[in-house]
Q: 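To start, I am sharing the structure in question, which I have written as structure tokens.
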There are 2 protein chains.
Amino acid sequence: MTEKQENILAKALELFATKGYAATSTAKVAREAGVSEGLIFRHFGNKEGLLSAVLAQGQEKLAAIYNSLEQEFNPRKRLERVIDMTFEVPSEEYVFWRLIYALKWQTDAYDDSGSAAMKALLVETFEAMHYEDPSAEAELIMVLLDGLVTAILLRKPKELNRLQSLLHRRYML
Amino acid sequence: MTEKQENILAKALELFATKGYAATSTAKVAREAGVSEGLIFRHFGNKEGLLSAVLAQGQEKLAAIYNSLEQEFNPRKRLERVIDMTFEVPSEEYVFWRLIYALKWQTDAYDDSGSAAMKALLVETFEAMHYEDPSAEAELIMVLLDGLVTAILLRKPKELNRLQSLLHRRYML
DNA sequence: AAATTGTGAGTGATTAATTACTTACTATTT
DNA sequence: AAATAGTAAGTAATTAATCACTCACAATTT
């Protein structure tokens, strides 16, 4: 991966995430990345290929998150990590997550497969903690954390720590 | 409002919500609505004006929701209604809400003003119910319900009733 | 070691299609 | 007849994508 290729991917991520995929022209990506437009098509085939390359770069993050959770066997600690890591999304990753969340609403792009594995892991966790309805509990916390990420990315609220400790109390962590 | 104008608005809503605003051309809206493209500009000025008209049509829904909640003075019942009305979003309104939620991520379109009033109403509610941290509680339930709407619109999960009764238990409703 | 061949990175001009929008016009109400 | 609703054919700009091309460098041949 050359420097120019990295420039293209970085700028494409930024523009896709902030302006939207359809509203971002390949010409603008090229201009901002300081390369010729043709180079984008040479390396990534077409505009959709560019998007795929951007997403592929970030898939490692998702895998890393899942793996780190899988390795924590204490259910109480695992639940705590799921909650805390959502509150502590590094700000360098905001653009990437913003792209992921924006793409959800672009009909053809939505892919649920990743969250299915996470759901299963959480069901396991609540089962181990002897909750009454582990499946519903897993669904609840996923829905909650999904809304939380949305709030962090869009509204950047300052009361986050109060919300975090409230959740700790609620789950007795 | 003539029939053709209504056709335009209905198709614009549908296309903006499913394909995205930027990815929807005025030509396509006109074609699907069975009118000439010029008519769109005659009635709505420009593409953004068309979007505004679509959104204005749905603003009544938001006002109606807020008012009906405001008129319920029993805090426990009010909380119950906030939760239940989220679970019972009429499916005819899905396209509209999908558009609202998709537009959130389109940088310049995001407007937080509506949710601020709802937040205040919920803080009041939790204060009346003597919760420890009413502000954080209000934030929590808004984040939760936001994630819930997302789930309903995108994943259409079938376990919704189990989730609903879980929430009822959790808030002792 | 010199000459040749091959390759992937990168460019700038260009293409056909599509974009938002306009204009000149006609049909229909009121 | 005056205003409004509607159309069809245009506009200039922008779009994604392709084109023939140069350049630097490495592998192979002589």
Side-chain angles (χ1 to χ4, degrees), chain A residues 1-58 95 98-100 102-103 105-110, chain B residues 1-58 95 98-100 102-103 105-110:
Chain A
M1 180 97 76
T2 67
E3 197 188 329
K4 302 223 169 188
Q5 287 184 52
E6 281 170 4
N7 284 155
I8 292 170
L9 286 178
K11 283 295 169 188
L13 168 59
E14 183 188 321
L15 290 171
F16 287 166
T18 55
K19 307 293 174 189
Y21 173 73
T24 300
S25 68
T26 51
K28 189 179 282 176
V29 174
R31 207 181 312 127
E32 297 230 356
V35 299
S36 71
E37 196 177 356
L39 191 59
I40 291 175
F41 294 94
R42 151 133 308 196
H43 285 306
F44 306 105
N46 53 30
K47 193 186 176 186
E48 208 184 317
L50 175 58
L51 176 61
S52 298
V54 167
L55 292 178
Q57 253 203 337
V95 265
R98 200 190 161 97
L99 175 60
I100 297 290
L103 281 179
W105 301 95
Q106 217 91 356
T107 36
D108 40 6
Y110 186 62
Chain B
M1 179 98 77
T2 67
E3 197 188 327
K4 302 221 170 188
Q5 288 184 53
E6 281 171 3
N7 283 156
I8 292 170
L9 286 178
K11 281 296 168 187
L13 168 59
E14 182 187 322
L15 290 171
F16 287 167
T18 53
K19 307 293 174 188
Y21 173 73
T24 300
S25 67
T26 51
K28 190 180 282 176
V29 174
R31 207 180 312 127
E32 297 229 355
V35 300
S36 69
E37 195 179 358
L39 191 59
I40 291 176
F41 294 93
R42 149 133 306 190
H43 286 306
F44 307 104
N46 53 31
K47 192 185 176 185
E48 209 183 318
L50 176 59
L51 176 62
S52 298
V54 167
L55 293 178
Q57 252 204 338
V95 263
R98 201 190 161 97
L99 175 60
I100 296 291
L103 282 179
W105 300 95
Q106 218 89 357
T107 37
D108 39 6
Y110 186 61

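All values reported here derive from a predicted model rather than from experimental measurement. Just so it is clear: chains get the letters A, B, ... in the order the sequence lines come, proteins before strands, and each one is counted from 1.
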Q: Quick check: are there more than 12 heavy atoms from other residues, nucleotides or ligands sitting under 6.0 Å from CD of A:Glu48?
A: no
Q: Quick one, A:Asn7 and A:Thr2 - any side-chain contact, counting heavy atoms below 4.5 Å?
A: no
Q: Hey, can you pull the residues of residues 7-35 of chain B with a non-hydrogen atom under 4.0 angstrom from DNA chain C?
A: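 Residues of residues 7-35 of chain B under 4.0 Å from DNA chain C: B:Thr24, B:Ser25, B:Thr26.
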Q: Would you please test A:Gln57 and A:Leu13 for side-chain contact (heavy atoms from CB on, under 4.5 Å) and show each step?
A: CA-CA 10 Å; A:Gln57 253 203 337; A:Leu13 168 59; 5.6 Å; no
Q: Looking at residues at least two apart in the chain, or sitting in another chain, which of them share a side-chain contact (heavy atoms from CB on, under 4.5 Å) with A:Arg42?
A: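 Scan of A:Arg42 (side-chain contact (heavy atoms from CB on, under 4.5 Å), adjacent residues dropped) gives A:Leu39.
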Q: Whole angstroms only, please: what is the CG-P distance between A:Leu51 and D:dA16?
A: 13 Å
Q: For the pair B:Lys47 (side chain) and B:Tyr21 (backbone), establish whether a donor and an acceptor sit closer than 3.5 Å, ignoring hydrogens and angles.
A: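 Yes, the answer is positive, given that a donor and an acceptor are paired below the 3.5 Å cut-off.
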Q: For A:Thr26 and A:Asn46: C-alpha separation, side-chain torsions, deciding distance, then whether side-chain contact (heavy atoms from CB on, under 4.5 Å) applies.
A: CA-CA 9 Å; A:Thr26 51; A:Asn46 53 30; over 6 Å; no
Q: Check every nucleotide of DNA chain C for an atom under 4.0 Å from a heavy-atom of chain A, then give the first and the last such nucleotide from 5' to 3'.
A: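 Counting from the 5' end, contacts occupy C:dA9 to C:dT11.
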Q: Round to the nearest Å and state the distance from B:Gln5 atom CD to D:dT7 atom P.
A: 12 Å
Q: Residues two or more places apart in sequence or in another chain: which of them pass salt bridge (charged side-chain N to carboxylate O under 4.0 Å, His left out) with A:Glu37?
A: none
Q: Dump every N/O contact between nucleotides 18-23 of chain D and the protein below 3.5 Å, one line per pair.
A:
none

Q: Looking only at heavy atoms, which two atoms of A:Ala22 and B:Ala23 are closest? And how far apart?
A: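 Distance-wise, the nearest heavy atoms are CB-CB, 3.7 Å.
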Q: According to ring pair (Phe, Tyr, Trp, His ring centres under 6.0 Å), does anything in residues 35-54 of chain A pair up with another residue at least two apart or in another chain? List the pairs.
A: none
Q: For a quick test of reading the model: is some side-chain N or O of B:His43 closer than 4.0 Å to OP1 or OP2 of D:dG6?
A: yes
Q: Decide yes or no on side-chain contact (heavy atoms from CB on, under 4.5 Å) for A:Thr24 and A:Thr18, but give the supporting numbers first.
A: CA-CA 9 Å; A:Thr24 300; A:Thr18 55; over 6 Å; no
